[in-house]
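As the structure is a prediction and not an experimental result, all values here were calculated from the model. Letters go in sequence order (proteins before strands), and every chain restarts at 1.
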Protein chains: 2
Amino acid sequence: MKQIARECGVAISTVSRALNGSTSIRPEVREQIVATAQRLGYRPNNAARALRSRSSRTVGVVLPDMLNTFYAKCTAILQDQFEAQGYGIRLAVTGNSVDREREALARLESERIDGLVIVPTARRWQDHIRGVPAVQMNRHTKSARADIVQSDEAYGARELISHLLNLGHRRIAVLIGDKNFSTTQDRMLGVRDAYDSSDAFAGPTRVLFGTHSRSWGAQAFDDLWTAGERPTAIFAAGSEIALGVLHRTREMGVSIPEDISLVCFGDPEWFLVSDPPLTTFEQPVREVGMIAAQLLLGRMGADEAADASHVRVSGRVIVRESTTAPPE
Amino acid sequence: MKQIARECGVAISTVSRALNGSTSIRPEVREQIVATAQRLGYRPNNAARALRSRSSRTVGVVLPDMLNTFYAKCTAILQDQFEAQGYGIRLAVTGNSVDREREALARLESERIDGLVIVPTARRWQDHIRGVPAVQMNRHTKSARADIVQSDEAYGARELISHLLNLGHRRIAVLIGDKNFSTTQDRMLGVRDAYDSSDAFAGPTRVLFGTHSRSWGAQAFDDLWTAGERPTAIFAAGSEIALGVLHRTREMGVSIPEDISLVCFGDPEWFLVSDPPLTTFEQPVREVGMIAAQLLLGRMGADEAADASHVRVSGRVIVRESTTAPPE
DNA sequence: TTGTATGCGTTATCAA
DNA sequence: TTGATAACGCATACAA
């Protein structure tokens with residue numbers, strides 16, 4: 001800017017005004033300034049801007065895992081939405097570790113992010129980053145004073161379990177994530193609900209809590225298949241878990257749905273070509289991402305004071321070929 | 001910092017020294033300062049730091065598509081590597097658009113990133129961001145003065161095509177990306193090479209250039225199946241393309257490998273459970289990402305002057321069930 | 001070992 | 001409409 005000012009014979013503050021579209025400036029001067037800025041390849045220094053204006057034009061995105069299709073899609077959508085509004089994305093991955101999350105939030109606080117989209121791991125995550133407008137995506141903790149956007153977890157779980165019960169399944173195993181996550185709790189409510197409104201009095205035969213990974217899915221299936229009475233159906237709470245189960249069944253020569261039925265949450269594109277295609281609750285990823293972005297943009301703008309909202313986006317169950325009546 | 005200085009009765013510069021681990025400071029003073037910093041919940045302002053120190057401790061990552069498994073994995077790896085060295089990641093997605101890439105690079109230049117990992121789209125991308133140490137990942141343009149890391153594309157293509165030729169296929173179709181991308185060119189060299197070192201004199205029956213997307217893969221398959229003499233095998237240059245082909249064949253009741261064989265680049269985890277599991281050239285994603293990070297960290301450190309290196313990481317072909325001898 | 005003072009590149013305030 | 005100037009938070013050269 002100094003150089004531009006010199007070349008144009010104006011003050012540095014005039015350059016600033018010209019470049020920021022202030023109205024009170026002579027058009028000819030502005031044009032000259034813009035032209036020389038162009039010629040000199042001038043790029044504003046965001047650090048200086050942020051320092052002075054107390055806004056980094058950046059939002060933080062904190063989530064567990066980029067390899068999970070669900071989060072990858074979310075990231076892509078958030079990226080699009082925020083970029084369109086002139087915000088950059090600062091990405092942090094936690095692997096569901098409370099420590100990594102704490103460090104990530106500390107870094108983001110140093111970065112003076114203007115807003116935060118988080119899939120929280122720690123119950124008290126907000127202690128690590130105060131005073132930043134935030135929206136919780138997918139998971140949430142009640143204590144946080146922040147908006148929530150998620151798909152309707154309970155509904156999805158209820159529909160899937162009902163589907164299995166209607167097919168006649170009575171020995172159903174649930175493979176699900178960390179007991180402390182709100183998603184897990186919501187889904188378990190849905191499971192309970194499905195049983196309550198059916199003529200099957202009991203609940204699921206077995207409930208295994210684990211992680212959303214292929215390896216755990218495979219391991220959990222081993223458990224189910226080798227110990228105790230085998231289930232006739234599995235509810236997998238995520239696509240990665242389902243992938244593990246599917247792979248393991250194939251290795252062991254167990255066929256789906258003849259030997260066992262499988263339903264799950266999520267809908268990566270490979271569900272279309274898997275063997276068999278999976279019956280699934282299609283989470284409304286796109287809507288969730290869009291709403292998260294819009295909500296946060298709102299908070300960062302005017303309506304900061306508004307009450308925290310809790311949005312549940314409904315998805316739909318897609319019946320494919322991984323479910324049928326139980327054997328015998 | 002001002003407040004810390006006041007509370008501790010020292011100068012602001014002393015606080016700075018204490019917090020940055022300068023040696024010339026009385027241990028007791030340091031402890032007191034660190035303690036009050038902790039108590040006050042002090043977080044350094046990165047904007048100010050960057051402005052003063054001329055380093056943002058940030059690297060830019062510019063790539064075409066977060067939904068492509070290959071790039072998602074790369075991102076995860078880069079994230080890990082750089083975070084471990086105290087660098088943050090600034091993500092930009094281009095969708096293979098030259099314009100979006102230009103804008104992204106401009107933004108990153110404003111951000112004063114310390115380094116750049118890019119999967120370039122524009123031939124002259126470097127014109128848009130001068131003087132930043134960069135490494136080109138996967139794709140590259142020759143004109144750029146920047147390191148290159150990629151898997152051995154030509155090798156992979158050669159092996160896959162040779163595999164098909166050895167099975168007896170003579171009518172092979174190639175479904176591949178943009179003609180201008182180095183990856184496309186390298187792979188085509190490999191294809192050529194495979195033909196030259198076999199007793200099949202001709203080349204592929206058809207070569208279709210398109211985009212790495214499911215939709216294009218499906219559309220391209222339609223082309224192949226409806227117009228002209230049908231191929232007995234398809235080489236798909238990416239997992240997304242393969243996904244499209246697979247989905248379409250299933251819809252149309254074409255069975256793989258009985259009716260047609262399929263090989264492709266990349267190895268998302270769903271290859272394990274697809275119907276059928278695909279024969280593939282497994283790109284060494286992990287190594288590529290790690291080396292890209294290490295190379296860039298090197299550049300950002302001492303050896304900035306060293307010659308640009310061009311690393312080709314070898315991957316391996318995995319034969320699964322999507323290939324067999326041609327029908328008849 | 002510590003304090004003082006300067007400047008990094010911008011924006012914003014105030015006079016002119 | 002413009003220019004001079006202060007301030008944003010921090011790191012550092014230099015003096016004490």
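- The shortest heavy-atom contact between B:Ile129 and B:Val132 is CG1-CG2, 3.8 Å.
- Taking atom CD1 on A:Ile12 and atom P on C:dT10, their separation rounds to 8 Å, with Å as the unit.
- Judged by atom type and distance alone, B:Arg54 does not reach the base of C:dG9 through any side-chain donor-acceptor pair under 3.5 Å.
- Nearest heavy-atom pair across B:Ser56 and B:Arg112 is OG-O, 2.8 Å.
- The interatomic distance linking B:Arg57 (CZ) with D:dC10 (C1') rounds to 16 Å, in whole Å.
- Across the protein-nucleic acid pair, A:Glu28 atom CD and D:dT1 atom C1' stand 11 Å apart, rounded to whole Å.
- Of the two residues near DNA chain C, B:Arg52 and A:Arg49, the one whose nearest nucleotide lies more 5' is B:Arg52.
- Under the 3.5 Å distance criterion, with hydrogens and angles disregarded, a donor-acceptor pair is assigned to the side chains of B:Glu153 and B:Ser151.
- As judged by a 4.0 angstrom heavy-atom cut-off over every strand, A:Arg112 is placed among residues making no nucleic acid contact.
- Contact of A:Arg17 with D:dG3 (side chain to base): a donor-acceptor pair of N or O atoms is detected under 3.5 Å.
- To the nearest angstrom, P of D:dC8 lies 18 Å from CG of A:Asn45.
- For B:Met1, the side-chain atoms get nearest to D:dC10 when compared with the rest of C:dC8, D:dC10, D:dT1.
- At the phosphate of C:dT10, neither OP1 nor OP2 sits under 4.0 Å from any side-chain N or O atom of A:Ser53.
- Spacing between atom CD of B:Glu31 and atom C1' of C:dT1 amounts to 16 Å, rounded to whole angstrom units.
- For the residue pair B:Arg100/B:Thr121, the side-chain donor-acceptor check at 3.5 Å is not satisfied.
- The distance from atom CD of A:Glu111 to atom C1' of D:dG9 is 14 Å, rounded to the nearest whole Å.
- Contact between B:Ser309 and B:Arg299 at its shortest, heavy atoms only, is N-NH2, 4.1 Å.
- D:dC10 atom C1' lies 11 Å from atom CG of B:Asn46, rounded to whole Å.
- The side chain of B:Arg26 lies closest to C:dT1, out of C:dT10, D:dT1, C:dT1.
- Sequence order on DNA chain C of the closest nucleotides to A:Ser13 and B:Pro27 puts B:Pro27 first from the 5' end.
- Set against C:dT6, C:dA5, D:dC8, the side chain of A:Leu51 has D:dC8 as its closest nucleotide.
- Look at B:Thr14 and you won't find any side-chain N or O under 4.0 angstrom from OP1 or OP2 of C:dT2.
- Rounding to whole angstrom units, CG of residue B:Leu19 and P of D:dG9 are separated by 16 Å.
- Of the candidates C:dT11, C:dT1, D:dG3, the closest approach to any side-chain atom of A:Ala11 belongs to D:dG3.
- Residue B:Asn20 places at least one side-chain N or O closer than 4.0 Å to OP1 or OP2 of D:dA11.
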